[in-house]
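Remarks on the structure that follows.
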Amino acid sequence: MNNSLLQAENLSVFYQTANGSLPAVRDLQFSIEKGETLAIVGESGSGKTATALAVIGLLPENGRVNGSIRFLGNELVGKTEKDWDKIRGQEISMVFQDPMSALNPVLTVGRQLEEVIYLRKERRVTKAAVRDECKTLLKQVGVTEPLLRLKQYPHQLSGGIRQRVMIAIALASKPQLLIADEPTTALDSTIKKQILELLADLKKKMNLSILLITHDLAETVMLADKVMVMYAGKVVEFGQAKDILENPHHPYTQALLNASPRMDDSRKKRLSALAGHLPNALQLPTGCPFHPRCVFAKDLCKKTEPSFTLIDEHEHKLSCWLTSEDKRKLMQFTTCRETVNKLSGAEVKKCAGEAHQPILEVCNLEKYFQIGSFLSRKQLKAVDGVNFTVEQGQITAIVGESGCGKSTLWQTTVGIYKPTAGTVKFLGKTLSTKKDYQFFHQHVGFVFQSPYSSLNRRMSVGESISEPLQVAGWKINEAKKRVMELLDLVGIPLEMYNAFPHQMSGGQRQRVAIARALAVNPKLVILDEPVSSLDVSIQAQIINLLIELREDLQLSMLFISHDLPLVKYIADKVVVMYCGKVVEAASCEEVFQNPKHPYTKTLIDAATPSSSREGQVAGEIP
Ligand code: SF4
């Protein structure tokens, strides 16, 4: 008799579209035991979320499930909405990626928690008992001041607390299976670690089973027992989390692991960017669907799709045609990072320590806001006496958790906010008049976090990039020529000149945003979390592009990020902020090899993937 809590057999998910039936998930087999965590990993569009939605019965109307999903022995495929009411949010709960959009903005936290408890329809539930249970649930997920939080609305909470509230709501129905869909993607590294640890604790205490959906393979180390890597709707590798992370066999799993910089990685070479993108599910290539992107593809791979076979006695399964000899080479590829780097490109040059002309000098910059009503007015010191410089051809990174003042700092630096005190010098000249700022803005480019919202959706690629040129007075012909040069520089095919943002991938949109920022040959580019909304494989392409541009054009960059491995990889100088102040500033090597401030040490520990709890920072930024 099978004791699995959840068991999927021959599971396929199709979406009916105007162009035909789109296979999002194909022939999946997996099971989750009681108290076990299964992580599903892959790029956006690989079928992870479609699998989770099929398990919880939340597929959109055009979605169709084939095969079988059994939960505690009961078949879930074909259940009616009435049947689902007894399972969804009761036996199986879900935590979504963005708690701000998942929580109801017009209901207090208390109301949203109470709703789930009342839906359990237990007899003799008093109002006081429900309040007590809400308090206990918030305490259980590590929310401080639960009575205050119960009265607050989602917008009054920080990102970390909102995600804890989401988890409390999911647990209120006492589920047996929790589906966590990218639960930490929008969070800082310290908060991310706290949430993963919280889930690991809950799993242990409540014997909870978790289905974790993530695109970050390294993140699974803290929580997952088993990992399933998906590509183009199919599982390409499956095994114990430790085996997959330490000894991945499939080239795609390899590529995912090598695409993002890691804290424990001292390499100075280009990232191993995964070329191309996921195939269109309506036009899958013949043979192995990964072959157009695989460096090991051979003729057989192009003709026949490999079967999914067991490769050792630890349930490690693989779908790949590599022979033992190929695998021997692949193992070298796995363990020898130098080989990866040779395949991926040139050395990343850092220039800290050399004398460079300062481009931007910020001295004792302050930005205070008056908050509260007339009678209870308070001063919020968002930026409090900050000093830093950006030198010619160098990258200065500002790091810290959300709410530490990073964004207010750059916005005050460029004049979006009027500084309360302090000076900003650009090319040796203090910015004070409107004319000074106009000159400054003509020589600064900006790249924002979400390329989709920063590009005008009604403007084509050509129009978006040429807009700053036209503002700067370029003639139409010259501007068009420059746009072509820029498209070539950032690796966008010239045929995409007339394409619109919705017709491009996330990586292409961010390349267009970078081309627009470079249009008028800026001396300084300010990048605010430029890769945090992108998949790991696309992140690697954009990071490599930024490094190339820095080297080829001697560009100076102010890089705002909470991603410490990325900062360690890309920056020359690091400025660490906490509560509006700089707590540590030095060259990148110094900060990461010999951090002096406890907060810097904590940030570094939190960003180092490990299952240990050392260096965990408690709470949130005050
Ligand atoms: Fe690469 Fe071939 Fe293996 Fe597919 S089957 S991952 S193309 S080696």
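Atoms within a ligand are numbered from 1 in the order they appear, just like the ligands themselves. Residue numbers count from 1 along this sequence.
One finds the CD1 atom of Ile244 at 9.5 Å from the CG atom of Leu257 (value rounded to the nearest 0.5 Å).
Under the 3.5 Å distance criterion, the side-chain polar atoms of Lys79 are matched with a main-chain donor or acceptor of Glu75. Put simply, the side chain of Arg516 gets close to the backbone of Ser464: a donor and an acceptor are under 3.5 Å apart. Glu237 places a side-chain N or O within 3.5 Å of a backbone atom of His249 that can act as its donor or acceptor partner.
Contact check on Glu43 versus Arg293 returns a salt bridge, with a Lys/Arg side-chain nitrogen under 4.0 Å from an Asp/Glu carboxylate oxygen.
Of all protein N/O/S atoms, those under 2.8 Å from atom 1 (Fe) of ligand 1 are Cys294 SG, and waters are not counted.
Legend: side chain to side chain donor-acceptor pair (under 3.5 Å) pairs involving residues 295-311, not counting sequence neighbours, sorted by first then second residue: Lys298-Asp326.
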